Visitor: 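The structure follows.
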Amino acid sequence: MQNGGPPSLNGRVRTPRPLENASLLPVLARFPGRKVLVVGDLVADQYIYGETDRISREAPVAIVRYESGEVKLGAAGNAAANLKALGAKVTLVGSLGRDELGTQVRALCREQGIRLATPKAVRVPTESKTRILAGGLNTRRQQMLRLDRGNQGKLPPELEAELAKLVGSLAQDAEAMLVSDYGAGVLCEKVIAEVQAAARAGMPVVADSRYNLAAFDGATVLKPNEPELGALTGLRTDDEEQLVRAIKRAQKLLPNRAWVVTRGRNGIAVAEGSHLQLIPAHGGREIVDVTGAGDTVGAALVLAMAAGANVETAARVANVAGALKVQKSGTATVSVQELAAEIARAEAR
């Protein structure tokens, strides 16, 4: 920052301070049993593992010999899985195809205790991301290719109408809502209208949208990462001064909302009105894999708010959860026990 001063919004500053771990543990104690509704794009994260030791004669590509494979809950499903691991009672609304991957996603939700609600009027395939990971005999597997399949464009009108009806009905029994919008069509205008109605009724709503953040004006918290904030505002976010300008412009575009901006290895920025708090990334360990970290952060954030925490405290909880997730490979969850142990460990230092 210029003149060595701290970042500010409209001249009012919250000086960054160390993580107040002692104040976070009571929030975690209120996690079990909180009812959270997740609305978003369901994705089957498919992993194919193999070994490679030669190049094909047909083309300059590596030949991968298949060893094993697995499917995990991705996107909104990953957010729901993280919420369940953190102790919440989770209801998940999205769209799944009547295909093999859809069947596997349904089975995973049952196994993990996630209540799944999907429309019956399904004419689209299940969204999926297939990752091929391979390495030599004594080397670490690396991702070589990702193949995405699924719906392109808007969903059929009857499917949109059924999704909106599900959201409106299930929101009546929820304490908080997490929107997980990956651009696959579930968050259509009718569904967004139900999300906004829940927020107007006083429900904490956290909106995490990759391509359409502006549509969720009315949500309690908007949770972009820095690139998404830049796309919304047309401004760069390379340093703290640029970040402040981008947040101020975002607040003008979508006023009277709280913002939680994830910044990767730089932590999280929380802006509420003229107040700004920069929360440093938790811990100093090397990042293993950022896949799905945003889902983990969103899950911890909305659950902490459902448990009665204010936005900044909830963001601090989410910051620790995100730090734990990036220590794990692939799509993964963070349990409430892991989170509590890490907070207690940091507090004891």
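A quick note: this is a predicted structure, and the numbers were derived from the prediction, not measured.
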Visitor: Should Ile48 and Leu108 be counted in the same cluster of Ile, Leu, Val, Met, Phe, Trp and Tyr side chains packed under 4.5 Å apart?
Guide: no
Visitor: Under a 4.0 Å threshold between the charged nitrogen and the carboxylate oxygen, would Arg345 count as salt-bridged to Glu342?
Guide: yes
Visitor: Would you give the length of the straight line joining atom NZ of Lys223 to atom CG of Leu213, rounded to the nearest 0.5 angstrom?
Guide: 10.0 Å
Visitor: Out of curiosity, Leu42 CG to Thr118 OG1, how far, rounded to the nearest 0.5 Å?
Guide: 8.0 Å
Visitor: If you measure from CD on Glu175 to CZ on Arg34, what distance do you get to the nearest 0.5 Å?
Guide: 4.5 Å
Visitor: May I ask you to test the Asp289-Lys328 pair for a side-chain heavy-atom distance under 4.5 Å?
Guide: no
Visitor: Determine, using the 4.5 Å side-chain heavy-atom cutoff (strictly less than), whether Tyr182 and Leu116 are members of one ILVMFWY cluster.
Guide: no
Visitor: Measure the CD-CD distance between Glu286 and Gln327 for me, rounded to the nearest 0.5 Å.
Guide: 8.5 Å
Visitor: Compute whether any side-chain donor of one residue and acceptor of the other, for Asn82 and Thr296, lie under 3.5 angstrom apart.
Guide: yes
Visitor: Which residues satisfy the salt bridge (Lys or Arg N to Asp or Glu O under 4.0 Å) test with Arg149, sequence neighbours excluded?
Guide: none
Visitor: Report yes if some heavy atom in the side chain of Thr333 is under 4.5 Å from a heavy atom in the side chain of Leu73; otherwise report no.
Guide: no
Visitor: Name all residues meeting the side chain to side chain donor-acceptor pair (under 3.5 Å) criterion together with Arg245; count only those two or more places apart in sequence or in a different chain, and write none if there are none.
Guide: none
Visitor: Considering only heavy atoms from C-beta outward, does the side chain of Thr220 approach that of Val206 to under 4.5 Å?
Guide: no
Visitor: May I ask you to test the Asp181-Asp208 pair for a side-chain heavy-atom distance under 4.5 Å?
Guide: no
Visitor: How long is the straight-line distance from CG of Leu235 back to NZ of Lys248, given to the nearest 0.5 Å?
Guide: 11.5 Å
Visitor: Hydrogens and angles aside, do Thr331 and Asp45 bring a side-chain donor and acceptor to less than 3.5 Å of each other?
Guide: yes
Visitor: May I ask you to say whether Arg263 pairs ionically with Glu226, meaning some side-chain N is under 4.0 Å from a carboxylate O?
Guide: yes
Visitor: So does Glu160 pair up with Lys190, basic N to acidic O under 4.0 Å?
Guide: no
Visitor: If the test is side chain to side chain donor-acceptor pair (under 3.5 Å), which one of Arg141, Glu67, Glu70 qualifies with Tyr49?
Guide: Glu70
Visitor: Kindly list each side-chain donor-acceptor pair under 3.5 angstrom involving residues 92-106, sequence neighbours excluded, with atom names and distances?
Guide:
residue	atom	partner	partner atom	Å
Asp99	OD1	Gly102	N	2.8
Asp99	OD1	Thr126	OG1	2.7
Asp99	OD2	Thr126	N	2.9
Asp99	OD2	Thr126	OG1	3.4
Thr103	OG1	Asp99	O	3.1
Arg106	NH1	Gly97	O	3.2
Arg106	NH1	Gly102	O	3.4

Visitor: Using a distance-only test with no angle check, is there a side-chain donor-acceptor pair under 3.5 angstrom linking Asn212 and Ser209?
Guide: no
Visitor: Report yes or no: do Val43 and Tyr47 belong to one cluster of Ile/Leu/Val/Met/Phe/Trp/Tyr joined by side chain heavy-atom distances under 4.5 Å?
Guide: no
Visitor: Drop me the distance from Leu83's CG to Gln112's CD, to the nearest 0.5 angstrom.
Guide: 11.5 Å
